[in-house]
Amino acid sequence: MSLFRRRDNAGANADQLIPPRPASGSGAAVVTQETALRHSAVWACLRLRANLISTMPIDVYRKVQGIQVEVPKPAVLITPGGDEVEMPEWMYSSQFDLDRSGNAVGLITAVDGLGLPARIELVPSGDVAVRMRKGKKTYRIAGTIYEPHEVWHEKQYTVPGLPVGLSPVAYAAWSISEYLSIQQFALDWFSGGAIPSAHLKNTAKTLSPDQADGAKQRFKAAVANRDLFVTGNDWDYEMIQAEQAGADWIQAKQFGIGDVARFFDCPSDLIDAAVSGSSVTYANMTQRNLQFLVMSLGPAVSRREQALSRLTSRPRFVKLNRNALLAMDPQAQASVIKTRIDSRTLTPSEARALYDQAPLTEDQMAEFDRLFGKGTQPTPTTATPQAGGAPS
């Protein structure tokens with residue numbers, strides 16, 4: 001079942017926005033949301049994006065005199081799918097569907113005292129159809145019709161006038177199909193006994209057309225039955241396409257990874273360390289992560305923040321902590337915190353709290369005075385943080 005349905009009196013069908021999939025008899029693999037996951041690059045892109053976004057801490061704030069003040073989270077932002085489905089799992093599942101189908105859909109099975117969703121049970125986007133009839137939108141999920149207020153629907157990759165998001169899998173179908181087809185070729189070649197085009201030549205005499213026909217039929221029958229083709233010493237068999245087919249297979253696999261990465265907005269060097277020309281080292285890892293956050297994940301995170309804010313009462317709003325993606329090494333953390341203390345934008349007590357340490361006691365400050373002289377004690381960030389105590 002598809003998310004796309006024809007709109008009333010509309011000249012364009014939403015299905016026309018998606019390139020047609022290769023016919024099943026064309027020799028190319030048919031691509032669906034499920035079969036696309038057999039492409040390692042598709043799986044890696046979806047996994048990376050969902051992993052990072054689902055593990056970003058979620059906080060709720062409201063503005064008080066222009067300052068963000070954190071407030072308690074509603075239950076739907078802690079266990080949105082019930083007691084057995086906590087927020088990281090719910091965010092992973094919904095982000096996975098958003099990135100592969102352009103839509104994440106769930107049934108609102110409970111509301112709170114303010115009429116806001118209190119429980120949202122996600123459903124596979126492949127089981128959902130969105131219908132527009134006379135300006136009214138309804139959802140059909142697993143054969144049952146639901147009104148918009150009964151359904152939670154997030155979407156991305158949208159176009160004007162279309163009530164659903166576009167599917168990257170559908171648009172990447174040609175690239176994915178090529179990759180899956182060469183995978184099938186490899187399976188046939190290495191385990192299924194497939195034989196590439198070749199030249200069977202008699203080296204002892206010239207064959208008449210009838211003799212050549214008979215030899216060809218015997219050879220084809222032996223290959224089809226995965227049997228041995230027995231001849232005398234006057235035949236040469238040359239697999240003239242085997243080497244080229246293997247080279248084409250490797251080249252197509254490498255091309256498929258970069259091509260799919262572009263569709264899913266995930267840099268190929270982050271999912272494949274062997275990508276030609278990539279050079280991401282420890283020294284520039286933080287800058288690479290920052291670029292990935294700003295250029296690729298940032299818009300998706302902002303859209304999710306706005307959608308999740310609909311689960312809270314106004315003027316509260318939801319923020320995902322992007323700093324979790326940019327965790328620095330201990331030396332860089334210490335340098336940044338020292339700079340902030342020296343510039344009076346962070347106090348030593350606040351810096352210690354980042355390492356889960358209590359403020360300095362009078363005895364500790366007296367010890368610093370004895371060791372370094374009164375008024376010259378070092379900031380708490382000059383010591384290496386204890387294991388497990390580094391800020392995120």
Side-chain angles (χ1 to χ4, degrees), residues 46 49-125 127-128 130 137-139 141-142 144 146-156 158 163-165 293 297-327 350 353-354 356 391-392:
L46 296 175
R49 288 172 60 92
N51 273 347
L52 293 175
I53 292 180
S54 67
T55 52
M56 288 183 182
I58 295 177
D59 300 307
V60 179
Y61 297 93
R62 65 172 301 170
K63 288 287 186 71
V64 178
Q65 296 181 348
I67 299 176
Q68 287 187 180
V69 177
E70 188 173 357
V71 297
K73 292 189 286 286
V76 71
L77 293 178
I78 301 174
T79 53
D83 294 337
E84 296 183 359
V85 182
E86 297 187 357
M87 198 64 190
E89 177 184 348
W90 192 91
M91 286 288 288
Y92 183 98
S93 300
S94 56
Q95 189 63 45
F96 202 89
D97 251 5
L98 275 171
D99 284 337
R100 69 171 176 167
S101 72
N103 300 270
V105 181
L107 290 175
I108 300 174
T109 57
V111 297
D112 60 17
L114 299 175
L116 298 172
R119 180 169 178 170
I120 302 172
E121 298 182 7
L122 297 173
V123 298
S125 59
D127 291 345
V128 180
V130 181
K137 181 169 64 176
T138 58
Y139 294 83
I141 302 175
T144 303
Y146 294 92
E147 297 297 324
H149 70 271
E150 300 175 290
V151 176
W152 174 262
H153 182 195
E154 288 186 66
K155 53 185 179 289
Q156 63 181 5
T158 57
V164 294
L293 174 61
L297 281 189
V301 171
S302 296
R303 287 192 295 267
R304 300 230 65 182
E305 289 174 339
Q306 294 178 9
L308 295 175
S309 294
R310 303 202 314 262
L311 298 175
T312 65
S313 58
R314 301 298 184 185
R316 294 174 174 82
F317 57 93
V318 171
K319 298 290 289 184
L320 272 65
N321 188 349
R322 293 165 168 82
N323 290 333
L325 179 62
L326 301 175
E350 290 171 328
L354 294 175
D356 297 322
S392 60

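When a residue number appears, it is its place in the shown sequence, counting from 1. Since the model is a prediction, treat every value here as computed from it, not as a measurement.
A salt bridge does not link Arg310 with Glu154: every distance from a Lys NZ or Arg NE/NH1/NH2 to an Asp or Glu carboxylate oxygen is 4.0 Å or more.
Between the side chain of Asp59 and the backbone N or O of Lys319 there is no donor-acceptor pair closer than 3.5 Å. Panel note: side chain Trp90, backbone Ile120; a donor-acceptor pair is recorded below 3.5 Å. At least one donor-acceptor pair under 3.5 Å links the side chain of Ser309 to the backbone N or O of Val318.
To the nearest 0.5 angstrom, Met87 atom CE is 5.0 Å from Leu308 atom CG. The CG atom of Leu98 sits 10.5 Å away from atom NZ of Lys155, with the distance rounded to the nearest 0.5 Å.
Across every non-hydrogen atom of Ile53 and Ala300, the tightest pair is CD1-CB, 4.2 Å. The shortest non-hydrogen separation linking Asp112 to Leu114 is OD1-N, 2.9 Å. The shortest heavy-atom contact between Ala104 and Ser94 is CB-O, 3.6 Å. Closest non-hydrogen pair, Arg322 versus Ser302, comes out as NH2-OG, 3.0 Å.
For Gln68, the CD atom counts as densely surrounded, since its 6.0 Å shell holds more than 12 non-hydrogen atoms of other residues, nucleotides or ligands. Counting non-hydrogen atoms of other residues, nucleotides and ligands closer than 6.0 Å to CD of Glu84 gives a total of 12 or fewer.
With Lys73 as the partner, the side-chain contact (heavy atoms from CB on, under 4.5 Å) test is satisfied by one option alone out of Thr312, Ile78, Leu311: Ile78.
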